[in-house]
Each structure stands twice: as C-alpha cells, then as structure tokens.
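Keep in mind the model is a prediction, meaning the values are calculated, not measured.
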Amino acid sequence: QVQLVESGGGLVQAGGSLRLSCVGAGVRFNIEDMAWYRQAPGKQRERVASITIGGITNYADSVKGRFTISRDNAKNTVFLQMSRLQPEDAAVYYCNAIPSLGFWGQGTQVTVSS
C-alpha cells in the first residue's frame with residue numbers, strides 16, 4: 001500500500017516548537033525531492049519547505065529562519081523542525097514529493113495558541 005504518514009503535530013503556545021515527521025510506505029524518498037506543505041482553513045495549500053535529493057533546502061519567506069527541513073533516506077522519512085511558532089503557522093501540515101506523488105496523506109494538525 002502506497003501512503004504518506006505525517007505525525008508530530010499538536011497544540012503549542014506561541015514561541016514554542018514542534019518536530020513533524022513524514023514516513024513513506026511504498027515510496028522511495030531517496031529518489032525524490034521532498035517538501036512540506038500546509039493548509040490553513042479557507043486558504044490554499046502552500047509549500048513551506050523543500051529539500052532536494054542532494055540535501056539542498058529552500059524555505060518560504062514566512063518560515064525562513066524558524067523552520068528546518070531534513071531527511072533520513074535510510075528511514076524513508078522527512079522531518080520539519082519548527083521553532084518560534086506563531087498563530088499564523090497553525091494549519092494542517094503535509095509532506096509530498098516534488099512534483100506531487102498524485103496522492104496526499106492525512107496530514108498532521110498544528111495549533112498555536114497566542
């Protein structure tokens with residue numbers, strides 16, 4: 001069964017940190033550029049961070065300096081370390097390849113209280 005499973009979300013106070021994980025089943029992350037996306041209620045899904053097969057990272061301006069994407073190809077896992085979280089970071093977070101694999105996981109909810 002091919003799937004993406006995101007985890008690590010939760011409720012955190014503004015200024016706090018969370019670490020998200022994404023594990024792929026039936027998907028070989030080591031041959032894909034990967035990214036984290038988020039979707040807040042009433043808004044379009046947006047890419048917040050990406051990492052190439054070679055480890056080159058890129059970030060949306062809104063998270064630059066606060067979020068760090070990394071990958072462990074041996075474990076078929078991608079991580080998103082989020083620090084100094086703000087209420088505007090609240091969303092459902094998803095991972096996927098670039099370009100998309102054609103399906104999405106269930107995502108993981110991040111809630112930030114002010």
Side-chain angles (χ1 to χ4, degrees):
Q1 184 178 1
V2 181
Q3 60 179 349
L4 298 167
V5 181
E6 299 92 348
S7 63
L11 172 63
V12 63
Q13 287 188 332
S17 300
L18 285 173
R19 189 191 194 208
L20 307 183
S21 300
C22 171
V23 179
V27 178
R28 291 177 56 194
F29 281 9
N30 63 345
I31 61 172
E32 305 282 357
D33 294 341
M34 297 296 298
W36 281 95
Y37 302 79
R38 67 186 180 188
Q39 187 167 20
K43 295 187 177 181
Q44 287 190 332
R45 187 173 292 165
E46 62 170 341
R47 185 189 300 173
V48 296
S50 64
I51 184 167
T52 67
I53 295 171
I56 297 173
T57 59
N58 195 37
Y59 300 93
D61 287 342
S62 59
V63 308
K64 200 169 294 183
R66 300 187 298 120
F67 290 12
T68 301
I69 187 173
S70 60
R71 63 193 300 163
D72 184 339
N73 289 335
K75 296 183 178 179
N76 223 35
T77 303
V78 178
F79 304 97
L80 186 67
Q81 177 68 48
M82 306 187 295
S83 302
R84 290 183 281 145
L85 284 160
Q86 299 301 317
E88 52 266 33
D89 295 316
V92 179
Y93 283 72
Y94 305 87
C95 76
N96 214 314
I98 304 172
S100 165
L101 295 170
F103 64 93
W104 293 84
Q106 83 289 348
T108 186
Q109 176 74 52
V110 172
T111 304
V112 184
S113 63
S114 57

side-chain hydrogen bond (donor to acceptor under 3.5 Å, both in side chains) filter on Asn76, not counting sequence neighbours, yields none

side-chain hydrogen bond (donor to acceptor under 3.5 Å, both in side chains) filter on Lys75, not counting sequence neighbours, yields none

By side-chain contact (heavy atoms from CB on, under 4.5 Å), Ala25 pairs with (sequence neighbours left out) Gln3

Connected to Ile56, directly or through other members, by ILVMFWY side-chain contacts below 4.5 Å are none

So salt bridge (Lys or Arg N to Asp or Glu O under 4.0 Å) across residues 56-65, not counting sequence neighbours, yields Asp61-Lys64

Applying side-chain contact (heavy atoms from CB on, under 4.5 Å) to Leu11 and not counting sequence neighbours gives Thr111, Ser113

Are any side-chain N or O atoms of Asn96 and backbone N or O atoms of Phe103, one a donor and one an acceptor, separated by less than 3.5 Å? yes

Sorted by chain and number, sequence neighbours left out, ring pair (Phe, Tyr, Trp, His ring centres under 6.0 Å) with Tyr93 holds for none

Across all chains, not counting sequence neighbours, the side-chain contact (heavy atoms from CB on, under 4.5 Å) partners of Ala35 are Tyr37, Arg47, Ser50, Ile98

Residues pairing under salt bridge (Lys or Arg N to Asp or Glu O under 4.0 Å) where one sits in residues 7-32, two or more places apart or in two chains, turn out to be none

Given the ring of Phe29, does Arg71 sit roughly above its face, with NZ or CZ under 6.0 Å from the centre of the six-membered ring and within 45° of the axis? no

Contacts of Ser7 meeting side-chain contact (heavy atoms from CB on, under 4.5 Å) (sequence neighbours excluded), chain-then-number -> Ser21

Residue pairs passing the salt bridge (Lys or Arg N to Asp or Glu O under 4.0 Å) test with at least one member in residues 102-114, sequence neighbours excluded, are none

So the salt bridge (Lys or Arg N to Asp or Glu O under 4.0 Å) pairs with at least one residue in residues 86-99 (sequence neighbours excluded) are Arg38-Asp89, Arg66-Asp89

